[in-house]
Amino acid sequence: ELTEKVTNYYRNLRDQGYMSRWRRSFFRYNGIGLDGRSDQMLEAGTQGELSKICVNHYGNLIKGVLTLVTSQRPAWDVRPINTDYQSQAQAILGENILDFYEREKRVGRLLKEAVEKSLVWGEGFITMEWDVTQGEIYEASPDQEAIMSGDIKFSCKNPLDVIRDIFNTTRDHNWKIVRSFVNRYDLCAQYSEFEKEIKDVEFNTTDDEEGNYFWFKDDDTSDLVPVFEFYHKKTAAMPEGRYVKWCGDAKLLDSTLPYNDIPVYRVADRNLEGTCLGYSSGFDLLALQDASDELLSAVISNNIACANQIMLIPKGANINHQQLGEGLSVIEYDTTEGRIEPVSLVNSSNETYALIDRLQSLMQMISSINEVVRGEPGANLRSGNALALVAAQALQFNSGLQGSYVQLQEDVGTAIIKFLQTFAQAPRYIAIVGKYNRSLMKEFRADDIDRVSRVFCDIANPLTKSTSGKLEIADNLMQAGLIKNPEDYITMIETGNLEDLTESSIHENLLIRSENEKLQNGENVSALMIDNHRL
């Protein structure tokens with residue numbers, strides 16, 4: 001029954017035209033046009049008289065949107081359940097954990113890759129699972145086999161890898177099926193009882209019925225096999241949820257859902273009306289890219305096929321063909337009959353060049369990646385304020401995608417905390433960046449973050465990313481008396497990190513809150529001479 005759901009999903013994608021659209025977008029983004037490629041010029045026509053070229057504006061504009069939306073690092077804001085000292089301290093630890101996963105586990109790179117897929121495929125996904133084979137050795141089993149502490153495994157998927165009910169227009173899906181490609185021999189080693197069934201699975205790379213996007217590959221020599229994982233959330237019809245993992249005819253696992261929710265998180269610019277699929281503004285650029293390539297190919301064909309000089313020589317003239325340069329063509333004519341009138345086949349009309357420029361302008365307008373964002377500001381844009389305004393307008397146009405990107409960061413950040421609360425029973429370490437960017441190791445368990453409820457995310461202020469912005473902030477802090485020594489001033493300018501300056505104040509406030517809670521519980525607290533008694 002689950003296999004039939006997968007087959008129906010891919011059949012609907014093909015019949016409704018989504019598969020062909022994704023195929024074109026995939027090829028265009030990777031520099032492969034209708035008849036040309038961005039890395040080389042191809043010959044066409046019956047005798048190779050035509051030239052085909054692909055100038056990849058599509059990929060360049062998609063990259064521009066991607067950079068515009070994801071250029072700022074996320075600023076995690078972990079919300080505790082209560083406002084007591086322990087909950088506040090756990091919130092700080094939670095933020096350090098998320099920074100560790102973003103930096104050391106490359107979660108930030110996967111988040112950016114998901115946005116890239118949403119621009120090319122209409123939507124992108126981050127999937128998560130708890131992998132018991134990762135981490136460090138925790139203890140030994142009765143059979144003296146090493147038991148690992150486990151860790152979170154992240155993957156980035158496109159809509160071909162996340163099977164759903166296409167016509168469920170809500171984001172609240174009861175079930176999803178995730179497809180991954182795994183080395184068949186590693187899978188056999190992990191599930192040795194199904195070795196024969198796994199080895200019999202074929203990897204068909206050309207059949208759209210199976211939703212394959214390896215369109216450039218047409219052999220079956222790969223060691224990869226598709227593995228499907230079915231997630232059903234906990235509902236009234238299925239209170240414990242369900243998780244099924246299979247490959248071919250082998251049902252590898254079948255259990256209740258081990259997670260609080262389906263660990264699949266989506267990013268998309270906007271939804272395609274009437275479906276659960278996403279829509280990218282890049283799709284609207286495909287026809288314009290095709291037209292631009294055709295016109296450029298026509299102009300280049302004219303110039304390459306007809307650019308060689310043709311020499312006219314009267315019959316009987318004492319001119320040896322050997323005296324002419326190589327590559328030149330010669331036509332002899334009878335002076336009594338007249339000569340051939342020259343026809344320039346190289347010239348293209350001014351309208352052709354104007355249309356090419358117009359098509360490129362339309363692509364920039366639709367994607368809202370203007371010449372400022374592409375690094376080519378017009379002659380009428382000279383002041384910094386004007387350039388900043390034009391760049392801000394481009395970001396405002398793509399605010400829908402940026403909002404979805406922030407939502408993805410919040411969902412993934414919350415899921416990381418929830419995974420660790422559920423599965424991190426063994427002690428584990430994270431690297432925390434201390435004063436002057438020194439990395440410190442801190443141990444924690446699931447109990448150390450059990451009071452964290454939700455993660456919110458803010459886009460970092462661009463002012464802290466520029467040298468002039470950092471200098472301005474440092475000067476203001478110096479005037480306010482928050483920077484008291486030259487070392488803090490230099491650190492602020494180099495890193496733009498405000499936490500180094502506020503770290504002591506935060507810990508002082510947390511300590512005061514802890515002492516107040518002890519006093520309310522009737523415990524004794526020692527007052528020190530160096531305390532700020534008024535505070």
Side-chain angles (χ1 to χ4, degrees), residues 72-108 111 149 151-152 406 409-461 464 473 477 482-484 487-488 491-492 494-521 523 525 528 530-532 535:
Q72 305 299 332
R73 284 188 59 190
W76 306 108
D77 182 13
V78 177
R79 303 290 174 88
I81 297 176
N82 299 313
T83 59
D84 60 285
Y85 161 75
Q86 188 174 359
S87 299
Q88 294 291 332
Q90 286 193 9
I92 295 176
L93 175 60
E95 292 175 2
N96 290 327
I97 291 173
L98 293 178
D99 285 336
F100 170 77
Y101 271 88
E102 182 203 354
R103 185 176 60 253
E104 302 294 336
K105 298 295 184 179
R106 303 294 188 266
V107 173
L111 292 170
S149 60
D151 206 347
I152 305 173
V406 172
Q409 293 173 329
E410 293 178 349
D411 291 342
V412 171
T414 301
I416 290 175
I417 297 297
K418 297 298 183 183
F419 267 61
L420 294 175
Q421 288 175 341
T422 304
F423 300 106
Q425 303 304 321
R428 54 210 313 114
Y429 292 89
I430 61 170
I432 300 176
V433 177
K435 193 174 181 62
Y436 304 120
N437 289 330
R438 289 200 303 263
S439 292
L440 306 175
M441 298 302 296
K442 181 175 178 61
E443 182 187 85
F444 75 96
R445 294 173 179 263
D447 296 341
D448 295 327
I449 52 174
D450 59 354
R451 300 194 180 197
V452 174
S453 62
R454 188 74 170 94
V455 174
F456 293 88
C457 186
D458 296 319
I459 298 298
N461 190 342
T464 63
I473 294 175
L477 293 175
L482 297 179
I483 296 181
K484 299 179 175 61
E487 290 80 5
D488 289 339
T491 301
M492 173 62 202
E494 289 180 347
T495 66
N497 191 0
L498 298 175
E499 284 77 5
D500 290 341
L501 304 177
T502 59
E503 185 176 11
S504 60
S505 299
I506 292 175
H507 284 290
E508 184 178 20
N509 289 328
L510 287 177
L511 178 59
I512 292 174
R513 180 169 297 184
S514 173
E515 292 179 347
N516 289 342
E517 292 174 1
K518 291 181 180 179
L519 290 173
Q520 291 173 352
N521 295 331
E523 302 178 26
V525 176
L528 303 178
I530 60 175
D531 285 342
N532 186 341
L535 180 62

Pairing residues for Gln86 by the side chain to side chain donor-acceptor pair (under 3.5 Å) criterion, not counting sequence neighbours | Arg451

Who passes side-chain contact (heavy atoms from CB on, under 4.5 Å) against Asn532, sequence neighbours left out?
-> Glu508, Arg534, Leu535

Measuring from Ser87:OG to Ile449:CD1, what's the distance to the nearest 0.5 Å?
-> 13.0 Å

Nearest-0.5 Å distance, CG of residue Leu93 to CZ of residue Phe444 | 6.5 Å

Excluding sequence neighbours, so at least two apart, what forms side-chain contact (heavy atoms from CB on, under 4.5 Å) with Glu523?
-> Lys518, Asn521

Among all residues two or more places apart in sequence or in another chain, which pass the side-chain contact (heavy atoms from CB on, under 4.5 Å) test with Gln425?
-> Ala446

Please report the shortest heavy-atom distance between Gly413 and Leu98, naming the atom on each side.
-> O-CD2, 3.6 Å

Using a 4.5 Å cut-off on heavy atoms from C-beta on, say whether the side chain of Val412 contacts that of Tyr101.
-> no

Where do Glu410 and Cys457 come nearest, in terms of heavy atoms and distance?
-> OE2-N, 3.1 Å

Non-neighbouring partners of Asp450 that pass side chain to side chain donor-acceptor pair (under 3.5 Å), sequence neighbours left out | Gln90

When rounded to the nearest 0.5 Å, the distance separating CG of Asn82 from CD of Gln88 is 9.5 Å

Could you please spell out the steps behind the side-chain contact (heavy atoms from CB on, under 4.5 Å) verdict for Arg428 and Leu420?
-> CA-CA 10 Å; Arg428 54 210 313 114; Leu420 294 175; 4.1 Å; yes

Shortest non-hydrogen contact from Asp77 to Glu95?
-> CA-OE2, 3.8 Å

Partner residues of Asp99 under the side-chain contact (heavy atoms from CB on, under 4.5 Å) criterion, sequence neighbours left out = Arg73, Trp76, Glu102, Arg103

Kindly check if the number of other-residue, nucleotide or ligand heavy atoms within 6.0 Å of CD1 (Ile530) is above 12?
-> no

Run through Val452, Asp447, Ile416 and flag the one making a side-chain contact (heavy atoms from CB on, under 4.5 Å) with Gln421.
-> Val452

What is the minimum heavy-atom distance between Thr414 and Val455, and which atoms define it?
-> OG1-N, 3.1 Å

